[in-house]
Number of protein chains: 2
Amino acid sequence: MRFPKLFERLATLTPLPPEQWAKAEAVAKEQSLSKRELFLRPGDPADRFAVVLQGVFRAVRVSPRGGESIKAFRAEGELIGAYAEMLQRRSSMTAIEALEPSHVLVFQTQDFQQLEQGHVCWERLARRVAEQHFVLKERREQEFLELSAEERLVKFWEEHPHLKGRIPQRDVAAYLGITEVALSRIMSRRRREASR
Amino acid sequence: MRFPKLFERLATLTPLPPEQWAKAEAVAKEQSLSKRELFLRPGDPADRFAVVLQGVFRAVRVSPRGGESIKAFRAEGELIGAYAEMLQRRSSMTAIEALEPSHVLVFQTQDFQQLEQGHVCWERLARRVAEQHFVLKERREQEFLELSAEERLVKFWEEHPHLKGRIPQRDVAAYLGITEVALSRIMSRRRREASR
DNA sequence: CCTCCGCCTTAACCCAGGTCAAGCCCAGGT
DNA sequence: ACCTGGGCTTGACCTGGGTTAAGGCGGAGG
């Protein structure tokens, strides 16, 4: 077993027989990415995903009008991939970019479907993953509906302390749905008010 | 089979043996709700969900500060329930309220878990449902990130034409994340500009 | 050592949407 | 026919965040 820690993490979601995990490891490939390198670029078929072994990624959506917004940051132990597009069998609208030199474990969705045919545990895992992703998105929706940009910022750092120092400010802004200018203003206001 | 149309709809998501569907119908109970009646109220355990047979519902979240925001509208053929809370085994933070005299088919999550034990098709169905919910929430997130209130409004009516005339304006506003005042202004501006 | 570049900050101005408050319209009840 | 109340609109004013543009600053490369 090459990745025992990953195995354990997944096994907390659903019972996962070690021999099934062995099959998964057999089809997975490791990949290294340098800073700024893309794991997935817009237009690519959404036919692969990966687990982050080391590093941080951002999932960027470039809107038709050219604006960039950030759907998520992903660090160690988390999944990267154009999940929504994969489910809809479309090509990716999303770029997934390494913010640091990174290392990931890649699966082809096709190979994963093979695994699903072999044992129900993979379907159960896929269900858990879908459910978790849903819960996260719903939480984010909630934040857009009832919090101001400043409140969203505070919450962001509460929920992602491990990202501190690893992601540029402008990306935090793009994640919160504001410009870097607005974010800078918010931060300086807070600094000023905190010191008084 | 009491609900052949519903059966067909679900069978498009995943193969669903008729005898399994029969078991589901056996544990389901019909319920009628009058206008303004709550299917679920905040604080209730999230231990039941339903399919809308007739009517429209809104899923309302009352924030700690008292503001109401609307997570979704649900009409015929759609699911109602505190899905996120169910997955997290929490009690509901959400009220689900009938906007019209309505009629639904209720399942206890407990009974549904029984069905899951009996046949994998139910797990597969649950997976599809989770995935679909995810895709919808992600689309909504996207809209908050890159569209103005006016653009969200236009898109809302494009995507939910069947709700026209069935939901009060203020609820549309609460769904879009703005006040009813702002919505009214946007609409009058559009009327004015359209006539010119 | 200087320069360039990427990233952040600050300032000035603008606009969408919030807030508060006054009306309006109309359906339902008496 | 008259009230009443709920839901929508309108106006005046305020504020948060967008836009544009001008620096500041620290690190990499000449």
Side-chain angles (χ1 to χ4, degrees), chain A residues 34-37 56 58 60 62-70 73 97-101 143-157 163-195, chain B residues 34-37 56 58 60 62-70 73 97-101 143-157 163-195:
Chain A
S34 53
K35 183 168 174 170
R36 308 239 73 201
E37 195 176 344
V56 191
R58 58 174 194 166
V60 186
V62 181
S63 76
R65 296 105 171 136
E68 281 198 353
S69 56
I70 294 196
F73 298 102
E97 180 184 344
L99 294 175
E100 302 175 350
E143 290 170 10
F144 278 112
L145 283 171
E146 60 189 36
L147 301 183
S148 68
E150 176 162 2
E151 293 169 311
R152 296 204 298 278
L153 173 65
V154 171
K155 211 160 183 187
F156 176 78
W157 286 122
L163 295 178
K164 219 145 218 167
R166 301 175 79 181
I167 57 186
Q169 209 114 287
R170 79 149 63 84
D171 286 342
V172 178
Y175 179 83
L176 297 176
I178 61 180
T179 59
E180 60 177 334
V181 180
L183 177 55
S184 177
R185 261 192 311 239
I186 289 171
M187 290 178 57
S188 69
R189 177 157 37 88
R190 307 192 92 235
R191 250 174 278 138
R192 213 168 337 111
E193 291 179 359
S195 69
Chain B
S34 53
K35 184 169 175 171
R36 309 240 72 199
E37 194 176 345
V56 190
R58 56 173 197 169
V60 186
V62 181
S63 77
R65 296 103 170 138
E68 282 198 351
S69 56
I70 294 197
F73 297 102
E97 180 184 344
L99 294 175
E100 303 174 350
E143 290 171 9
F144 277 112
L145 282 170
E146 59 190 38
L147 300 183
S148 68
E150 176 163 0
E151 293 169 312
R152 296 205 297 280
L153 173 65
V154 171
K155 213 162 181 184
F156 176 78
W157 286 121
L163 295 178
K164 219 145 217 166
R166 302 175 77 180
I167 57 186
Q169 209 115 285
R170 80 147 67 82
D171 286 343
V172 177
Y175 178 84
L176 297 176
I178 61 180
T179 59
E180 59 175 334
V181 181
L183 177 54
S184 176
R185 264 193 306 242
I186 289 171
M187 289 179 56
S188 69
R189 177 156 37 87
R190 307 193 92 234
R191 250 175 279 140
R192 216 172 330 115
E193 290 179 359
S195 70

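Convention: sequence-line order gives letters A, B, ...; per-chain numbering from 1.
Between B:R166 and B:L99 the shortest side-chain heavy-atom distance does not fall below 4.5 Å. Contact of the A:R58 side chain with the A:I167 side chain is not registered, since no non-hydrogen atoms from C-beta on lie closer than 4.5 Å. Put simply, the side chain of A:S184 does not reach to within 4.5 Å of the side chain of A:E180, judged on heavy atoms. Within the 4.5 Å cutoff, the side chain of A:I178 has heavy atoms near those of the A:I186 side chain.
Remark: C1' of C:dT19 and CG of B:L183 are 16 Å apart, rounded to the nearest angstrom. Atom pair B:K35:NZ and C:dG28:P shows a separation of 9 Å (rounding to whole Å applied). Protein atom CD of A:E150 is 9 Å distant from nucleotide atom P of D:dG16, rounded to whole Å. As rounded to whole Å, 15 Å separates atom P of D:dG18 from atom CZ of A:R170. At whole-Å resolution of the value, CG in A:L153 and C1' in D:dG16 are 14 Å apart. Counting to the nearest Å, the C1' atom of C:dA16 and the CZ atom of B:R152 are 11 Å from each other. For B:R185 and D:dG11, the CZ to P distance is 11 Å, given to the nearest whole Å. Taking atom CZ of residue B:F144 and atom P of nucleotide D:dG17, one finds them 15 Å apart after rounding to whole Å.
Of the possible donor and acceptor atoms, one in the side chain of B:R152 sits under 3.5 Å from a partner among the backbone N and O of B:L147. Checked by atom type and distance alone, the side chain of A:S34 never pairs as donor or acceptor with a backbone atom of A:E37 at under 3.5 Å.
Of the residues in residues 174-182 of chain A, those with a non-hydrogen atom less than 4.0 angstrom from any atom of DNA chain D are A:G177, A:I178, A:T179, A:V181, A:A182.
Contact annotation: A:Q169 side-chain N/O to C:dG6 OP1/OP2 distance is not under 4.0 Å. The phosphate of C:dA16 (OP1 or OP2) has no side-chain N or O of B:S148 nearer than 4.0 angstrom.
C:dG6: Watson-Crick or G-U partner is D:dC25, with both key distances under 3.5 Å.
Taking the six-membered ring for Trp and thresholds of 30 and 60 degrees, B:F156 and B:Y175 have ring planes inclined between 30 and 60 degrees apart.
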